[in-house]
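All remarks here apply to the structure that follows.
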Amino acid sequence: MKVLVVGANGQIGQKVVKLIQESEEHSPVAMVRKNEQKESLEKEGIDAVLANLEDSVDELAKVLQGVDGVIFTAGSGGSTGADKTLLIDLDGAIKMMEASEQAGVERFVLISAIGADKRENWSEEIKSYYVAKYYADKALEQSKLNYTIIRPGALINEPGTGNVWAGTDFEYGKIPREDVARTVVASLTAEPTYRKAFNLISGDTKIDEAVKNL
C-alpha cells in the first residue's frame, strides 16, 4: 500500500513514516506543512507533500491521488488553545475523511485517545481535546471508509517493547509512542482491525498477535 501519513512531522508520525519506509509491504507519503520539512524528508528518500489541514477538502483530496490508505496522526499539540484543537483534531480529521471519500481512498487509520469514547472518562483539564476526539471518532465510524480507530493510553517516550494490550474494555495505562506506531502499521492490513475501534496500552502480547486477536 502507498500510505499518506498525516502529521508526519509529529512524534508518532515520524516513527510511522520510518516504519513504513523500512517495511517491504508499504511505502509512505509524508504530509507536512513546511517546505524545509518536505526537503528534509526527500533527502532521506521519502516521498513528501505540502498540505495543511486548514486547507479545503478539494485541496486535501489532491494530495490523495494515487494513495491507497491514510494514517491520521496529526494533533494541534498541548500548547495550543481549544480553537486550534477543534480546527485540527476535529475539523482537520473530518476534512481528511471527506477528502479520502472524494479521492476514492478506502483505508483510514485514526489515532484517537483512550477514554475518548466515554464522556465519564474525560479529563476536565483537556476537555476540548476529548470532545474533538469523540466527534472525529464518531464521524469516521459513520463514514463509508474502511476504518481503524486506535485509542492509546498515556504516551511516553521510552523505547518500545513490542508488547501491548489491545481491546475494547477500558484499561487505563501508558504506552511508548514507538509501540503505538508499530501497532498502527501492523493494523494497516490486519483484517481483524477493519471497521473497529480499540484501546491500546503496554501489555504482554506481541503486537502482530494483539491485532489479530481483536
Side-chain angles (χ1 to χ4, degrees), residues 1-32 40-41 44-48 67-75 77-78 89 93 107-118 121 129 133 136-137 140 145-214:
M1 290 176 67
K2 191 173 185 179
V3 185
L4 182 76
V5 182
V6 184
N9 199 53
Q11 292 186 75
I12 292 176
Q14 289 180 26
K15 297 179 192 305
V16 168
V17 169
K18 288 252 168 69
L19 286 167
I20 295 175
Q21 186 190 30
E22 291 165 2
S23 77
E24 295 179 0
E25 293 179 83
H26 315 300
S27 61
V29 180
M31 179 175 142
V32 291
S40 176
L41 286 158
E44 296 177 42
I46 297 167
D47 286 343
V67 167
D68 304 302
V70 172
I71 293 173
F72 191 97
T73 75
D89 298 66
R107 189 74 178 109
F108 199 106
V109 180
L110 175 68
I111 297 179
S112 181
I114 203 161
D117 55 325
K118 293 183 173 64
N121 294 324
Y129 171 80
K133 295 299 185 189
D137 291 3
L140 186 53
L145 298 168
N146 177 13
Y147 69 84
T148 297
I149 299 168
I150 300 174
R151 299 188 178 116
L155 300 169
I156 55 176
N157 280 327
E158 294 173 10
T161 65
N163 294 314
V164 299
W165 175 90
T168 53
D169 294 335
F170 179 75
E171 295 280 349
Y172 191 77
K174 298 177 181 180
I175 184 164
R177 286 179 169 85
E178 189 178 333
D179 284 337
V180 176
R182 287 176 182 167
T183 306
V184 167
V185 175
S187 296
L188 269 173
T189 52
E191 290 187 18
T193 72
Y194 291 179
R195 299 198 68 81
K196 197 168 288 184
F198 61 91
N199 297 322
L200 184 73
I201 58 173
S202 290
D204 53 15
T205 304
K206 293 290 182 189
I207 289 170
D208 285 342
E209 188 180 335
V211 297
K212 285 174 185 170
N213 291 337
L214 284 162

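When a residue number appears, it is its place in the shown sequence, counting from 1.
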Item to check | Residue pairs, two or more places apart or on separate chains, that pass salt bridge (Lys or Arg N to Asp or Glu O under 4.0 Å) and touch residues 180-194 | outcome: Glu178-Arg182, Asp179-Arg182
Item to check | Euclidean distance, Ile150 CD1 relative to Asp137 CG, rounded to 0.5 Å | outcome: 11.5 Å
Checklist entry - Would Gln14 and Asn9 satisfy side-chain contact (heavy atoms from CB on, under 4.5 Å), going step by step from the backbone distance to the final call? => result CA-CA 5 Å; Gln14 289 180 26; Asn9 199 53; 3.8 Å; yes
Checklist entry - Is there side-chain contact between Ile201 and Lys174, with heavy atoms separated by less than 4.5 Å? => result no
Checklist outcome for this item: Closest non-hydrogen atoms of Pro176 and Pro159, given as atom of the first, atom of the second and distance, are CG-O, 3.7 Å
Checklist entry - Would you call Asp89 and Lys133 a salt bridge, taking side-chain N to carboxylate O under 4.0 Å as the test? => result yes
Checklist outcome for this item: dist Ile111:CD1 -> Arg177:CZ (nearest 0.5 Å) comes out at 10.5 Å
Item to check | Minimum heavy-atom distance Val17-Ala30, with the two atoms named | outcome: CG2-CB, 4.2 Å
Next on the checklist: Quick check: closest heavy atoms across Tyr172 and Ala154, and the distance to 0.1 Å?
Outcome noted: OH-CB, 3.5 Å
Checklist outcome for this item: Sorted by chain and number, sequence neighbours left out, side-chain contact (heavy atoms from CB on, under 4.5 Å) with Ala210 holds for Val164, Ala166, Thr205
Checklist entry - Okay, side chain of Gln21, backbone of Glu44: is any donor-acceptor separation there less than 3.5 Å? => result yes
Checklist outcome for this item: Rounded to the nearest 0.5 angstrom, the CZ-OG1 distance for Arg151 and Thr168 is 10.0 Å
Next on the checklist: Within the structure provided, determine whether Val16 and Val185 are in side-chain contact (heavy-atom separation under 4.5 Å).
Outcome noted: yes
Checklist entry - Measuring from His26:NE2 to Thr189:OG1, what's the distance to the nearest 0.5 Å? => result 4.5 Å
Next on the checklist: Using every non-hydrogen atom in the two residues, find where Gly13 and Val5 come nearest and quote the distance to one decimal.
Outcome noted: O-CG1, 4.1 Å
Next on the checklist: Quick one, Leu155 and Ile175 - any side-chain contact, counting heavy atoms below 4.5 Å?
Outcome noted: yes
Next on the checklist: Pair Ile149, Lys196 - check side-chain contact (heavy atoms from CB on, under 4.5 Å), show working.
Outcome noted: CA-CA 6 Å; Ile149 299 168; Lys196 197 168 288 184; over 6 Å; no
Next on the checklist: Would the distance check show the side chain of Thr148 and the main-chain N or O of Val109 forming a donor-acceptor pair, the cut-off being under 3.5 Å?
Outcome noted: no
Next on the checklist: Looking at Arg107 and Leu188, would you say the former's side chain and the latter's main chain have a donor-acceptor pair under 3.5 Å?
Outcome noted: yes
Next on the checklist: Tell me if a side-chain donor or acceptor on Asn199 pairs with a main-chain N or O of Gly115 at a distance below 3.5 Å.
Outcome noted: no
Item to check | Value rounded to 0.5 Å, distance of CZ in Phe198 from OG in Ser112 | outcome: 11.5 Å
Checklist entry - Hey, does the side chain of Thr193 reach the backbone of Ser187 with a donor-acceptor pair shorter than 3.5 angstrom? => result yes
Checklist outcome for this item: When every non-hydrogen atom of Ile20 is compared with those of Ser23, the smallest separation belongs to O-OG, 2.8 Å
Checklist entry - Listed by chain and number, what are the side-chain contact (heavy atoms from CB on, under 4.5 Å) partners of Glu158, not counting sequence neighbours? => result Ile156
Item to check | Student check: side-chain heavy atoms of Ser27 and Asp47 closer than 4.5 Å | outcome: no
Item to check | CA sep, side-chain torsions, deciding dist, call: Asp204, Trp165, side-chain contact (heavy atoms from CB on, under 4.5 Å) | outcome: CA-CA 7 Å; Asp204 53 15; Trp165 175 90; over 6 Å; no
Item to check | Spacing of CG belonging to Asp68 relative to CG belonging to Leu4, to within rounding of 0.5 Å | outcome: 11.0 Å
